[in-house]
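As structure tokens, the structure follows; a few thoughts come after it.
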Amino acid sequence: MHCILEGLVQHHVRSLLGLTPKKSKSSTASASTSAFHYNFQKIDSETAAALSMSMKEIAQVSSIHALLVAQAPSDEDTTRIATYMEKLTDSLLHRNMRPLRFVCQSLHCVPIKNPRLLKGDYAMALVQWVSILSTSFTLLNLSHSANQTLSPVLVKFVVNSVLKKPCSTFVRLFVILQLRPG
Amino acid sequence: LQHLREVICDTTTPSWLGLVPSNFGNVAAGTIKADEWQSLITVYLPITLISLWEMETGDSSFKLILDHTMDLVSAVYIACAWTMSSEQAKEYCLSIASYVGNLKHIYPMFDPWPNHHASFHIYDYLVLLGLVHSWWF
């Protein structure tokens, strides 16, 4: 009978009817504060069906988003940053392949590798995305905070600009003008 | 969820009915036991969904979800009854078959769990062993 009451009933109430607050669904990383807001591409039912994603995998998309914008340690402490990146990689590797691939594709950071991409490749690509974004803001001497929303266009601009021409005053000015409270 | 909590607070129940925490859904509510899930699905959830359905009469999908939930409510109600007959066991089987059968239709992203399969075997136990309380410890 426990398979019905603690199995079917609990699953029906919590997962199907969604009678659970969002906070209690959060993972370890999403429990930490966000460093900034980012307008990630949300997954809709049609896309999920096309990618053959289960409900569990759909839920993992938002948890991956939370991991990517989680507060990283201070930029000056390289050891802590390295440890944080290792933990981030581990957390991402606990997610399924399909949600990792969807997030990579939505961020246009799909790794180029033949003959086929593994889960670790997508996880590393996302860690690299976080690392480049963090480095870019550090080089520009900018700080991003929880009340700021980074648009995908701005992030792409910052990353590309820093990779090509670090610490440009023009880039810094542009970013400051673009950063608006979320 | 807020409406469900209000129903839990406002409903007067007999003392023998398993209590569901009024802060259901919060981490502070702790782990909900089988007895409390039974009270929730047979008493509080039908009241909540039916009262919400009254407010959203134009929404056909809500009626679909309500009917589907009531299949599970019926199955739990029959399975946990203090009397059992072959007719009741058949009714249980029909209810759980309707519930599991419509899951994929209402929730296309749903993947069946082993518990959904196991729930069909409860019918066999009801026929062979009688009412649940005589063999469920």
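Each chain gets a letter, A, B and so on, in the order the sequences are listed, and its residues count up from 1.
- Atom OH of Y77(B) has 12 or fewer heavy atoms from other residues, nucleotides or ligands within 6.0 Å.
- Follow the hydrophobic side-chain contacts under 4.5 Å out from F40(A) and you reach L126(A) in the same cluster.
- Within the model, atoms CH2 of W113(B) and CG of L103(B) stand 11.5 Å from one another, a figure rounded to the nearest 0.5 Å.
- Of the two parts of Y125(B), neither the backbone nor the side chain holds a non-hydrogen atom closer than 4.5 Å to a non-hydrogen atom of chain A.
- Within residues 33-41 of chain B, the residues approaching chain A closer than 4.5 Å by heavy atoms are, in numerical order, K33(B), A34(B), W37(B), Q38(B), L40(B), I41(B).
- R95(A) and S63(A) share a donor-acceptor pair across their side chains, judged by distance under 3.5 Å alone.
- Contacts of I4(A) with chain B are made by side-chain atoms alone, with heavy-atom separations under 4.5 Å and no backbone atom involved.
- The 12-atom threshold is not exceeded at NE2 of H94(A), counting heavy atoms of other residues, nucleotides or ligands nearer than 6.0 Å.
- Residue V103(A) forms a side chain to side chain contact (heavy atoms under 4.5 Å, CB included) with just one option from Q60(A), R98(A), H65(A), and that option is H65(A).
- Side-chain contact between I32(B) and Q10(A): absent, with no pair of heavy atoms (C-beta onward) separated by less than 4.5 Å.
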